[in-house]
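Reviewing the structure listed below.
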Number of protein chains: 4
Amino acid sequence: MKTKEDVVQEFRIQSIQDATMRVIARKGMSAATMQEIADEAGVAKGTIYLYFRDRDELVEKTFDTAIRHLMARIDAALEMNVGFEEKIRAAMAAKVAFFSENREFFRLYISLRIPEGTPERQRRQKKTCQPQYRTSAQKLATVLEQAMEAGEIRRLDPWKLAMFIIEGSTAIILERLTQDSPGEEAADVDLIVSMILDGVRKRS
Amino acid sequence: MKTKEDVVQEFRIQSIQDATMRVIARKGMSAATMQEIADEAGVAKGTIYLYFRDRDELVEKTFDTAIRHLMARIDAALEMNVGFEEKIRAAMAAKVAFFSENREFFRLYISLRIPEGTPERQRRQKKTCQPQYRTSAQKLATVLEQAMEAGEIRRLDPWKLAMFIIEGSTAIILERLTQDSPGEEAADVDLIVSMILDGVRKRS
Amino acid sequence: MKTKEDVVQEFRIQSIQDATMRVIARKGMSAATMQEIADEAGVAKGTIYLYFRDRDELVEKTFDTAIRHLMARIDAALEMNVGFEEKIRAAMAAKVAFFSENREFFRLYISLRIPEGTPERQRRQKKTCQPQYRTSAQKLATVLEQAMEAGEIRRLDPWKLAMFIIEGSTAIILERLTQDSPGEEAADVDLIVSMILDGVRKRS
Amino acid sequence: MKTKEDVVQEFRIQSIQDATMRVIARKGMSAATMQEIADEAGVAKGTIYLYFRDRDELVEKTFDTAIRHLMARIDAALEMNVGFEEKIRAAMAAKVAFFSENREFFRLYISLRIPEGTPERQRRQKKTCQPQYRTSAQKLATVLEQAMEAGEIRRLDPWKLAMFIIEGSTAIILERLTQDSPGEEAADVDLIVSMILDGVRKRS
DNA sequence: CATGAATGAGAATTCATTCAT
DNA sequence: AATGAATGAATTCTCATTCAT
């Protein structure tokens, strides 16, 4: 059972992670200082270190928490018992919606795709953040593979296909987020799904 | 006429930019220090400042030089007097080939897509680096638009389409670069083009 | 009410400013490094930046604090309700005494009379330090003017007179400070006052 | 006999010293860089080192050359075969005139009065620049002493008197130089001499 | 637990000086 | 002799991390 302490603790952790995301969204990964994150979270700098070993861990865990939410939604979509097209549409809709609701996460999401810093730090980041991307992509690749076997889609390298779809859709989402009036989510989802399924070619 | 000094100067600038690209490729944008760049280039720290006002200018100019080469190749492909499919194929082949030859550039390319740091720096980076991406994307968007008008491809938002294509293909290239034995370039180009033109759907 | 933190903070600020003055007294304005000041104050380099934005502010505030003390003493003398001669004597005695007690301040006092460095820094220094000199001189000039109107002294340009008196007396104080055994303060005060009032000419 | 080379050499040295003085006048002692001095002189940085061992020597020699001119003029005045009052008036007139003609020298003159930097540098500066000040002051002190013995002026410490006169007059000259329209030189000379001779006191 | 003052390693940048041409 | 590109020591300032209160 959760004690009151546990609740307070979880709340603290969540506040700090939220603050981290907001600051990174504002300043970018490398310009986000512990001081600014602490201020944003309304706690003292030292407090952060009670819950996170160091800056790297803070960033990683923040990333991890957020991407789990994203993946949960996308997974739910991909695990629906429907045809491939519906799955993809649902997954893309989930992704677009998630980033609409969590604009702050986008910067972090982009920043951690490629590890930075000393070899040591790169290794560490690779160990904690890359798997998330990989798992995420892997799930999509599996769905693609199943669809191929079911004869619903063409036989192509499922992993590369997944990467293509993920980054292509991410680009359109980035475009949404940087626009002042992004327009209907549905329209972008349609575009993404349409591109994935049929490409650009005109057919009679 | 180029004097000997001009040649030496150009060579220095090139060496330093190359070193910059290698270090950024290794450590990432924010972890690339002037000292390490200098060491990599085989010059003293101070020497870099003879050719570049400050770190930001060094990075920008390095980026600028490299992306001009990339764009020149892609532009040449897109300006060929052939059908849309050939253009796209040539452009994607050019992109894949360029990054195969300039693996180091990739990190830099990815890093500068989203400005970082203080507001002042973000503004500066936006002014010098973003236009390059935009121009690059705009050119593709224009080609897409023309193809739409020519009835070669479907009518869709050309700008978003361009972003989708650029990032989707970038993802596959990133995949190539991180693999030990990336396989044939042609195969990846085929995959990219195939996805762009026809998407994943199977057709009888 | 002063909290304990306020006291500690004031103490820190005072220690750092004292150290600054000592180092400048030893090495001169431009050779006084943050590192040496920190060492002298017995704190880390970074600590100084907790209390002062940058080196310029440290120097300015240090100067400001010290000169306020000096001016307070001189002002008190000049505002006494006595004749001109007594005022001048008291003011000069105060000045001599102050610099005897604050030998370290002298270098700083001399250095900031004329702004140095980049135009930006010169402007800044002019804005913060010059007014102190000016105000100080202006007060003396006013006293001189009043004495002229009261018929106590001759009619001469009061501002230039003030400058003459200030720098002339400063010269004698500098002489005191560089000597190993400076002799009686009173003797120097007498000399200064005598010069100011009667000049060198012999009278029967 | 002077060879053509000697002439060229002297000219070079003079140009560099003039440039040094102008740059120091503009930026102040510590902000005057070798590069800016070289640019101002129209020579390459390296050239300066053909004529001066290092920056310190350049500054010292520049100072030395200029102050010799100043002292020559003042000495000439003080060695005239006239009464004390005329000597002093002539000397002060010479000083005011000199700084009017050599405004650039003023900054340097002020800067070197008190040695700066590492102990080593301070020692060196003391050895080369202080004697000039001292000699200059000593000469005045001697004249004062003679006047005392001749019964022309009161018996006071001649050295301190000299310092008082020198700095007091310097203050008025500084005032002249910082004003846009400094007014008649003669008026300032009168003021200085009047102060020196008679002080401020009104006499019936 | 929470705090935030203190720390000091590390980064960018400057500039006197050297030396090959 | 003159040059100015190259050097690297020295300086300022930042910021993740620690620890006494």
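The sequence lines fix the lettering, A, B, ..., with proteins before strands; numbering per chain opens at 1.
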Per-nucleotide protein contact string for nucleotides 13-20 of chain F, where B marks a base within reach and S marks sugar-phosphate only (heavy atoms under 4.0 Å, - for neither): BBSSBB--
Please identify each residue that fulfils side chain to side chain contact (heavy atoms under 4.5 Å, CB included) with [X], with sequence neighbours left out.
X: A:Asp56; answer: A:Asp54, A:Glu60, A:Arg121, A:Arg124
X: B:Thr62; answer: B:Gln17, B:Thr20, B:Met21, B:Leu58, B:Leu108
X: D:Ala41; answer: D:Ile16, D:Ala19, D:Val43
X: A:Gln132; answer: A:Phe63, A:Asp64, A:Ile67, A:Arg68, A:Met71

Those residues that, when tested against A:Glu116, pass side chain to side chain donor-acceptor pair (under 3.5 Å) (two or more places apart): B:Ser30
Interatomic distance where [atom1] belongs to [X] and [atom2] belongs to [N] [whole Å]:
X: B:Glu5; N: F:dG4; atom1: CD; atom2: P; answer: 10 Å
X: B:Leu50; N: F:dG4; atom1: CG; atom2: P; answer: 13 Å
X: A:Asp39; N: E:dA5; atom1: CG; atom2: C1'; answer: 15 Å
X: B:Ile48; N: F:dG8; atom1: CD1; atom2: P; answer: 13 Å
X: B:Gln9; N: F:dA5; atom1: CD; atom2: C1'; answer: 10 Å
X: D:Ile37; N: E:dC15; atom1: CD1; atom2: P; answer: 12 Å
X: C:Glu36; N: F:dT12; atom1: CD; atom2: P; answer: 10 Å
X: B:Asp6; N: F:dA5; atom1: CG; atom2: P; answer: 11 Å

Under 4.0 angstrom between B:Arg12 side-chain N/O and F:dA6 OP1 or OP2: yes
Under-4.0 Å side-chain N/O to phosphate OP1/OP2 contact, C:Tyr51 with E:dA6: yes
Under 3.5 Å: donor-acceptor pair, side chain of B:Arg55, backbone of B:Ala32: yes
Closest approach of B:Pro115 to B:Lys126 (non-hydrogen atoms, all atoms of both residues): CG-CG, 4.2 Å
For C:Lys61, salt bridge (Lys or Arg N to Asp or Glu O under 4.0 Å) partners two or more places apart: C:Glu57
Contacts of type salt bridge (Lys or Arg N to Asp or Glu O under 4.0 Å), residue C:Arg22, not counting sequence neighbours: C:Glu40
Paired stretches of DNA chain F - 3 or more consecutive Watson-Crick or G-U pairs, each distance under 3.5 Å: E:2-21 with F:2-21
Sugar-phosphate only, base, or nothing, as touched by B:Val43 at under 4.0 Å among non-hydrogen atoms: sugar-phosphate
